[in-house]
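Read the structure below first, then the notes.
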Amino acid sequence: MIAKILINTSVNSLNKVYDYLVPDDMLNDIEVGKRVSVSFGRGKNLEEGIVVKLEESIENPKYKLKYISSILDDISYIDEKRLKLAKYIAYIYFCNVYDALKLMLPPGTKSKNSSKSIDTRKDNVIILTKSHDEIMQDIQSNIIKSAKQIQLLTFLMYNEYVLVNDIIDGLSISRSVINTAQKNGYVKIEKVDKQIDFLNELNIKRTEPLRPTDEQKYVIDNISKYIYDEEYKQCLIHGVTGSGKTEVYLQLIDRVLIQGRKAIVLVPEISLTYQTVERFVSRFGNDIAILHSKMTISQRKDEYKRIKRGEVNIVVGARSAIFAPIDDIGLIIIDEEHDTSYYSQTKPKYSTKDIAAYICKENNAVLVLGSATPEIGTYTKALNGTIELFEMKNRAASAKLPDVEIVDLKEDRVLGNTSNISIKLKEAISENIKNKEQTILFLNKRGYNSYLTCKSCGYVFNCPNCDVAMTYHKANGLLLCHYCSHVEKNIRICPKCGGEEISSYELGTEKLEEELKELFPSASILRMDADTTVARDSQQKILDKFKNESIDILIGTQMISKGHDMPNVTLVGIIGADALLAMNDFSSSERAFQNIYQVSGRAGRGKKAGRVLIQTSDSENYIIQAVKNNSYTDFYKMEIDYRKTFGYPPFIDILLFEISGKDFKEVKAEAEKLYNILNFDNQNEYRVFSPKSPYIQRLNNRFRINVMIKARLNSKIYSIIYNKIKIYNTKKKSTVSMSVTKNPIFI
Ligand code: ADP
Ligand code: ZN
């Protein structure tokens, strides 16, 4: 028997299929989609490949065929349909087919040019045994000295449940470093439990479908028709916060199950919490598989196996669950479809909605997108009919939408109030505390990190590996880079001018917490931000605590804007609106509106009415006004005009090519080369912009330069560009790499 094998290589010209002989003793196990190891070319090294086709024999082979060395997988996750999907992804995102196939392998599948079976790797994870504060304290007081120890421990603070092997390979940290950390009591190593604790821990009561409201019924009935007819269709449910979209999803899933088909539900990573999972599990029990990045790799692998064996009909997960090995899909739901986590930031940089649309088309399935603040591009498609639009304008459980008020900070300044909390907000909070009702204060993290600067020369303490300022953690005086985990401590002197007055430039959540403690000494306050929610379930714990222990005030960043139902929250204060308005990306207004609107939606979800106070110095701003009037369409109209005038998506497509490498000159030369190839013989069908550095020019010691194309992409223009990239790939130096983003959300 002959196996046609796609070899795993980054060399594009080798992205071809090669013939190998299947030895007799592998005949029972060989299957399309399994990874194998084969010897390739002249070298003795074994390469990894995937079987894409099996044939009985071939006539007159052009060269002497070699035998497959070994089979690496027990189960095949890739079939004809997925191969086709991979080819599609490779074409639209300029990657090779193997990279696209990797998306469909179970989590933790490692590519290694080795003949050993990868599935036998031990699933040992490394877990911190001390609190972050204790560790930071020990770094600060020199109890932990070695740079490697610091690197390991800070990495673990930001990445929980990492495989020991991944640390050794990925961070080039040796086993002995891990042993030392273990000996000193900072980490423990555990063999992960094969059980899914996530579900078993839940002692969930079954719920019956709610009686739908008129608005819900209309949406359910109409979308169900497409489900019953097995017709490919994209639908957008534009429903205000609390309009009961989730109940609509649940009842649509019911319909698709009756039809004997299956469903995928995608939710943003950050809102894939206990509460979300609970709502699905309470309706469908263990007919659900859950794929969550905070589950351990072996737990996710087990879920993959359950899905593959056909034991579940529903998959609930974050972005990558779109690739779950589920067949017979009748429905894909993407909740909070505007969320940026649906765009992959690693190669291939795919858009989950594009992939979902493709899968639905192939399966004659229905794609349902839901949001209170749809992405501008999605809403435009809904208006021009590519997507069918459903509006839900009222809250479901008779709760009313909150009252939104604007607090003009200019007036506060006139009155001499320089605090971050306006007089009006302060009054509203005390009122709320008195009434035993809860308050959420929202502060946007972006642009609000605290930095260290030198008071005499203005020097900013940047990361030595990345072109970004390091974040200052006041509690223990450490500077930390959130991109590469570099740490600096004991900073007393400015390295530039020798100045001794170093101050932190801050208005972070910590600072706000301090201010609130002064203003309301007896109030109970909780803080939820990236620093307090690193651990696996800490976000959920904070929210539970807030809800169950009637904490007065919760301070948080973006992460509190996502779907948690907290009926006793009657006041939402938005502190950092100005920082959101000040960002200058083409899509930043869109993000600002989504953020402010979604956070406002946290108020008044119970019986009591809600109130939202937005603090701003720019009270006439159309974003703020649109939130105040609870009008998505007001915002949409302004935004779409701007996109049209300045030539941005959805009126035009953008392709952003990023060249990166360690040597700046080389990166620059390569970007020029790409620019010239793209511009050669360009009949004005697209516009290429000169190479340009992105906002963060260097990350982890790699320089980056972008080449941007703007075009109205059709298949002809696309294929011209595609072929030019192929040419560039044959000329590209191997020391630089290229990645492509189609219609990026940030430029
Ligand atoms: P959304 O996802 O649109 O923000 P949710 O699905 O979270 O809204 O619903 C908001 C609240 O309304 C929830 O507490 C939910 O249980 C309740 N709800 C939804 N549909 C109904 C209904 N038909 N009858 C009664 N309560 C409902
Ligand atoms: Zn860094």
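One-based numbering, in listed order, for ligands and for the atoms of each.
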Identify the closest protein heavy atom to [atom]: which residue and atom is it, and at what distance?
| atom | value |
| --- | --- |
| atom 10 (C) of ligand 1 | Gly242 O, 3.6 Å |
| atom 20 (N) of ligand 1 | Gln216 NE2, 2.9 Å |
| atom 11 (C) of ligand 1 | Asp565 OD2, 3.9 Å |
| atom 27 (C) of ligand 1 | Leu210 CD1, 3.5 Å |
| atom 9 (O) of ligand 1 | Gly244 CA, 3.5 Å |
| atom 17 (C) of ligand 1 | Ala397 CB, 4.0 Å |

Problem set entry | contact_flag Gly239 ligand 1 heavy-atom lt 4.0 Å | no
Exercise. Could a heavy atom of Arg279 be found less than 4.0 Å from some atom of ligand 1?
Worked result: yes
Exercise. Please walk me through it: do Ile314 and Leu257 pass side chain to side chain contact (heavy atoms under 4.5 Å, CB included)?
Worked result: CA-CA 9 Å; Ile314 305 160; Leu257 298 185; 4.0 Å; yes
Check ligand 1 against [X] and write out every atom of the ligand that is under 4.0 Å from a heavy-atom position of the residue.
| X | result |
| --- | --- |
| Ala396 | 12 (O), 18 (N), 19 (C), 20 (N), 21 (C), 27 (C) |
| Arg211 | 22 (C), 23 (N), 24 (N) |
| Thr246 | 2 (O), 6 (O) |

Problem set entry | Stepwise ring pair (Phe, Tyr, Trp, His ring centres under 6.0 Å) check, Tyr379 with His238 | CA-CA 9 Å; Tyr379 201 71; His238 174 216; 5.5 Å; yes
Problem set entry | side chain to side chain contact (heavy atoms under 4.5 Å, CB included) between Ile290 and Arg300, intermediate numbers included | CA-CA 8 Å; Ile290 293 163; Arg300 277 184 282 158; over 6 Å; no
Problem set entry | Any Phe284 side-chain heavy atom under 4.5 Å of Val312 side chain | no
Exercise. Is it true that Glu215 and Lys245 make a salt bridge, defined as a side-chain N closer than 4.0 Å to a carboxylate O?
Worked result: no
Exercise. Do Lys225 and Glu231 sit within salt-bridge range, that is, some charged N less than 4.0 Å from a carboxylate O?
Worked result: no
Problem set entry | Test of proximity, Ser243 against ligand 1: N or O pairs below 3.5 Å | yes
Problem set entry | Glu336, His338, Glu337 screened by side-chain hydrogen bond (donor to acceptor under 3.5 Å, both in side chains) with Ser371, the one that passes | His338
Exercise. Knowing that exactly one of Val569, Ile553, Ile555 qualifies, which makes a side chain to side chain contact (heavy atoms under 4.5 Å, CB included) with Ile440?
Worked result: Val569
